[in-house]
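Here is the structure we will look at, set down as structure tokens.
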Amino acid sequence: MPHQHFGNADNAITIDLNAITANWRYIDGLSAPTIKTAAVVKSNAYGLGSCEVATALARAGCKLFFVASLNEAIELRTLFRQTGHGDLTIMVFHSFQRGQEADFVAHQLEPVLNDLEQISRWRVYAAKMGIKLPASLHFDTGMNRLGLDADQTDWLIRNKKALNGLKLTYVMSHLVSGELINDPVNVRQLASFNKIHSSFSTIPASIANSAGSLLGSDYHFSMTRPGIALYGIHPLEDLDSPLQPAFEWQARILQIRNAAAGDKVGYGGTYQLDRDSQIATLGVGYADGYRRQLGGMATVSIGGRPAPVIGRVSMDSITVDVTGFNQGSLRTDTASLVHEDYPIEKMANDVGTIPYEIMTGLGHRAERYYRGGG
Ligand SMILES: *Cc1c(COP(=O)(O)O)cnc(C)c1O
């Protein structure tokens, strides 16, 4: 992507909406044409901006969106109503909490019901309103996080009347280790889910997140629900990823200084220069989601050349060694914080986390720019 504008911010994220829609089409193309491909846009579309991302995906033909919570869902429904996409389906992983029923109905939201009590409350509310309310059912097949446990599942299979009055759109489950292709847990969860689905065989089913979408047709059922893959991150860390990178993250060069051999850099003076050096100070810090542990580990790219991050990461800035760099590029270029030699997978790995956490930790101060998506 070409040169970056920062507005008044000191770091910026450029999001390629065409890459996101291309990734959605790619995942969509992995499953049979009759199988729906949803888009998971929770947590502000993994930090990239749920309004822009969801609008682009809606234009690309996506009809089904998942968020985690009611607030996220209302924001998305409001957007869809304003942009002529009012009929798209929004499903809420965390279901409704006591007292949120009216909001779910008013904003046409579908809860993913996670236990018998929620099922019963949704039914009671449907009866009170005199309408059939839509919902999906989440069965836990090994995650022990959300969804009906084995006892509740058995009870429901024996008492299907407990679902009367609901319009059930999907039965669902979630994979524990989908990104580990050969993990036997996948096959066990698939078997458990198939068994549960056989008791609700008239209801469409879904188990695949991004990783599950890549595990093959056994995992596709009637709908897949990719998140991370849409944002260009291959869940299997495939080196030949067919996914397109969806964002860049760049920082302004705030100042360039010369420092002498023996000088120390940054808080605590933890880094000592072993030669006369040139240091560039960049406008990004841990408050922007640039993790503090990256000092001494990461590189940034300036003028296509990697520059090591030296000294501690501050709240608002970092210092990088640019000794011997082209002076013209230091004056005119910005620094790419993730780049070919230092992709987000490596950044995440270096701080002991996963790209999901880095992305959702991207700060509010960064200016976000969008291309494509028309
Ligand atoms: C977040 C989430 C997804 C999407 O997962 P990715 O790994 O980002 O594709 C799908 N299903 C559920 C239940 C989730 O919580």
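Just so it is clear, the values below take in all heavy atoms, side chains as well, and ignore hydrogens, waters and symmetry mates. Read the numbers this way: they start at 1 and go in the same order the structure lists the ligands and their atoms. Model, not experiment: these values are computed from the prediction.
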Among all protein heavy atoms, pick the one closest to [atom] and tell me residue, atom and distance.
{"atom": "atom 5 (O) of ligand 1", "answer": "Asn209 CB, 3.4 Å"}
{"atom": "atom 9 (O) of ligand 1", "answer": "Ser210 OG, 2.5 Å"}
{"atom": "atom 7 (O) of ligand 1", "answer": "Tyr356 OH, 2.6 Å"}

Residues Asp321, Arg275: salt bridge by 4.0 Å N-O rule: yes

With a 4.0 Å cut-off, would you call Arg158 and Asp154 a salt bridge? no

Check whether any N or O atom of Ala211, backbone or side chain, sits under 3.5 Å from an N or O atom of ligand 1, and answer yes or no. no

Examine Val40 against ligand 1 and note whether any of their N/O atoms are separated by less than 3.5 Å. no

Linked, directly or transitively: Phe96 and Leu116 (ILVMFWY side chains, under 4.5 Å): yes

Quick one: does [X] get a heavy atom under 4.0 Å from ligand 1?
{"X": "Pro226", "answer": "yes"}
{"X": "Phe66", "answer": "no"}
{"X": "Arg145", "answer": "yes"}

Check for me whether the distance between the ring centres of Phe200 and Phe139 falls short of 6.0 Å. yes

Is the Phe193 ring parallel, tilted or perpendicular to the Phe221 ring (thresholds 30°, 60°)? perpendicular

Donor-acceptor pair, distance only, cut-off 3.5 Å: does the side chain of Ser136 make one with the backbone of Val171? no

Quick one: which ligand 1 atoms are inside 4.0 Å of a heavy atom on Tyr46? 1 (C), 4 (C), 5 (O), 6 (P), 8 (O)

Can you name the closest pair of heavy atoms from Ala22 and Gln244 and give their distance? CB-NE2, 3.6 Å

Run down the list Met91, Lys42, His94, Arg225 and name the one with the heavy atom closest to atom 1 (C) of ligand 1. Lys42

